[in-house]
**Q** 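Got a structure here, written out as structure tokens. Questions coming.
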Amino acid sequence: MNNRQPPIESLFEAPEIGEQERMLEAILFATIEPISKKRLEERMPHGCDVSEALVNVKKRFEGRGVHLMHVGDAYAFRTAPDLGFLMQKESVETRKLSRAAIETLSIIAYHQPVSRAEIEEIRGVSVSSGTIDILLELEWIKLGRRRMTPGRPVTFIVTQVFLDHFGMESSKDLPGIKELRDSGLLDNRPPPGAILGVVPNENGEEVDNNQDQDDMFD
Amino acid sequence: MNNRQPPIESLFEAPEIGEQERMLEAILFATIEPISKKRLEERMPHGCDVSEALVNVKKRFEGRGVHLMHVGDAYAFRTAPDLGFLMQKESVETRKLSRAAIETLSIIAYHQPVSRAEIEEIRGVSVSSGTIDILLELEWIKLGRRRMTPGRPVTFIVTQVFLDHFGMESSKDLPGIKELRDSGLLDNRPPPGAILGVVPNENGEEVDNNQDQDDMFD
Amino acid sequence: MESVNTSEINIEERIAAESLVIDIDGFEGPLDVLLTLARTQKVDMRKISILQLARQYLAFVEAAKRIRLELAADYLVMAAWLAFIKSRLLLPQDASADGPSGEELAAHLAFQLERLEAMRRSAAQLMARDQLGRDFFVRGIPENLTLKKSYVYKATVLDLMQAYARLRTKENFKPLHIEERDKIFSMEQALECMKSLIGHAIEWSTLEQFMPDGWLSDPKRRRSVKASTFAAMLELVKLGKLDLRQSDTFSPIEIRQKEQ
């Protein structure tokens, strides 16, 4: 514990420069935002030479883990930029792909090369850019050749990363429709609500899959 | 600006001690809560001698406006207490504790681990749940181990937040604790005969302290 | 040995006792009162005369009774207890008597008082220490750890196949065709339609009369137009432009322009 007395008398006589530096250090440490020289002068005892003390404090922290930085017209302690890597913590989170993404991916895998319009036709709903972006970012799909039809739409194909992730040598390894049916996957119909109901897409927009809702009024 | 490169290679070779000190300064300056030595070691590059670096950093900041404080098994930078008068802006209005809460807190600090019945015996009155709740809420006390006596009462102990708040490294720093211990005032001296154990609770019902009331926590 | 006579307490003690009584709410139980009384003896807590203290306390209780102050049970329990200690201290020690001697009981009470006083003193010293947020301060601009979050997306071949299977199964159903929208009569349309008609509805008319021609033959269109006209009607009632009535459950709903 430090037993120096607060310099009450300093209202009339400024504390020595070393003490002024200690004061600046404490204020700069505890202040919740960068603080201007004017505000520092207001908070320091009367008669202090804040400019000189600031220069000294800045010098004292040169080359240390924390620097006195000039932020606009204000001052603040900041971690030395070269130590920023200590301030990061990596975290990896496992996420499940959204239904839209996995459906889009499966369409690309089974139908490649396939255009966005074709994906939309198969899914029966529009495909958001977000969905495509996630798949592109994952490097599971990439752009294929442009289709030689009006508008020259881009097509999508799956990548080597995709094949590696799913443990396939080529997209021909994907089970065919017949196999799907034989394995019972095609007969395993999802509950009607899941297909026929109002399904929000990944943007939270509701996509009306169902044209027969008005039955409720009969 | 400091252009030293982050020591990427340090996975295999620890940075020199001066660099380790800079790193500690950066980490400790950046955080509010005290950080345990173990956590510091996790965040520092492999092979660092955190203990030595901590001693050096502590020394470097001695007598400055900001100190490295040792709190329990953790470390934190705090402004020097003698400069508190400069900090009206940062002052946090703390809840004014009741006399009962203050006394209960100090009994827990000096007698820990201590059961509720023991606190009541020392104060000669029952301890309301509200008092305990306030101290728990402030995170100044927490539950300790159950006493291995009949009824297995819970005990209370003070926390690292408590030590941090009062600027103590451990409860050995409690004012006058050595004298109190030497004079036997911290001994658990059971009353001669059973009748002394009878202390009325706040409803005026007599509660036998020897049958620990703390069962209410069960 | 001093005799025990509560009427003999001196004026000073009485005043002290009465001020205690008046202040009773300021005390935290009988031990607190005892400690306050003990301080009036102006001796080291270890040299306190328990006998004298017991007398002081009993006088305090007597005084409280005299001014008919309701004392909490614990004050009376303490009084009984002190009377017991006093009798043990005053009577010659009976070697055959059970339980602790008067001296042992007195010593423990003295210990309790000394301990309570020590704790009070310590509490004061503790609170006088430099405190965080009052005398010393934490970092004002913490640089929190930035979490570099990265996501690993998980999907299996089975997920892929099931998704595809779901889509192919869906193909059995008719996709949504835009031309089917012509079977929908929107609420906006219904509102338009009704607003243009209510000016003429001076007499009660059924709701059906407000439904546009050509919408009632096709069942789907009839459903839609019924629903939207009904909703539009409610809206106009809410706006205070229509009155409505229905004579019985399921009987025709009738509306007319609200009278001005």
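In what follows, chains are A, B, ... by sequence order, proteins preceding strands, each numbered from 1.
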**Q** Could you state the interatomic distance from CG (B:L83) to CG (A:L24), rounded to the nearest 0.5 Å?
**A**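 Reported value, rounded in 0.5 Å steps: 10.5 Å.
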
**Q** So does A:E137 have more than 12 non-hydrogen atoms from other groups sitting under 6.0 Å from CD?
**A**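 For A:E137, atom CD is not crowded (no more than 12 foreign heavy atoms under 6.0 Å).
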
**Q** Do you know which two heavy atoms are closest between B:G63 and A:R22, and how far apart they sit?
**A**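 Closest approach of B:G63 to A:R22: O-NE, 2.7 Å.
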
**Q** Heavy-atom cut-off 4.5 Å, strictly under: side chain, backbone, both or neither for A:R60 against chain B?
**A**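 Side chain only.
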
**Q** Check whether B:E62 gets within reach of chain A through its side chain, its backbone, both or neither, counting any heavy atom under 4.5 Å.
**A**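 Answer is neither: B:E62 stays 4.5 Å or more from chain A.
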
**Q** Got a second to check how far A:M23's CE is from B:M87's CE, nearest 0.5 Å?
**A**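 Those atoms lie 9.5 Å apart.
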
**Q** Under a 4.5 Å heavy-atom cutoff, which of A:T31, A:V57, A:L28 has the most pairs with chain B?
**A**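 Highest number of pairs under 4.5 Å: A:T31.
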
**Q** For B:E33, look at atom CD and say whether over 12 heavy atoms of other residues, nucleotides or ligands are found less than 6.0 Å away.
**A**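 At most 12 heavy atoms, drawn from other residues, nucleotides or ligands, come within 6.0 Å of this atom.
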
**Q** Do the side chains of B:F29 and A:R64 get nearer than 4.5 Å, heavy atoms only?
**A**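 No, every pair of side-chain atoms sits at 4.5 Å or beyond.
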
**Q** Supply the atom-to-atom distance B:E25 CD to A:F77 CZ, rounded to the nearest 0.5 angstrom.
**A**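 Nearest 0.5 Å value for the CD-CZ distance: 10.5 Å.
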
**Q** If you compare all heavy atoms of A:A26 against all heavy atoms of B:T79, which two are closest, and at what distance to 0.1 Å?
**A**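 In this case the closest contact between A:A26 and B:T79 is O-CG2, 3.6 Å.
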
**Q** Does any part of the side chain of A:D82, heavy atoms only, come nearer than 4.5 Å to the side chain of B:E19, both counted from C-beta?
**A**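 When only atoms from C-beta onward are counted, A:D82 and B:E19 do touch, with a gap below 4.5 Å.
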
**Q** Flag yes if more than 12 heavy atoms outside A:I32 fall under 6.0 Å of its CD1 atom; otherwise flag no.
**A**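 Counting other residues, nucleotides and ligands, CD1 of A:I32 stays at 12 neighbours or fewer.
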
**Q** Above 12 or not: heavy atoms from other molecules or residues under 6.0 Å from NZ of B:K142?
**A**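 Atom NZ in B:K142 is not packed in, count stays at 12 or less.
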
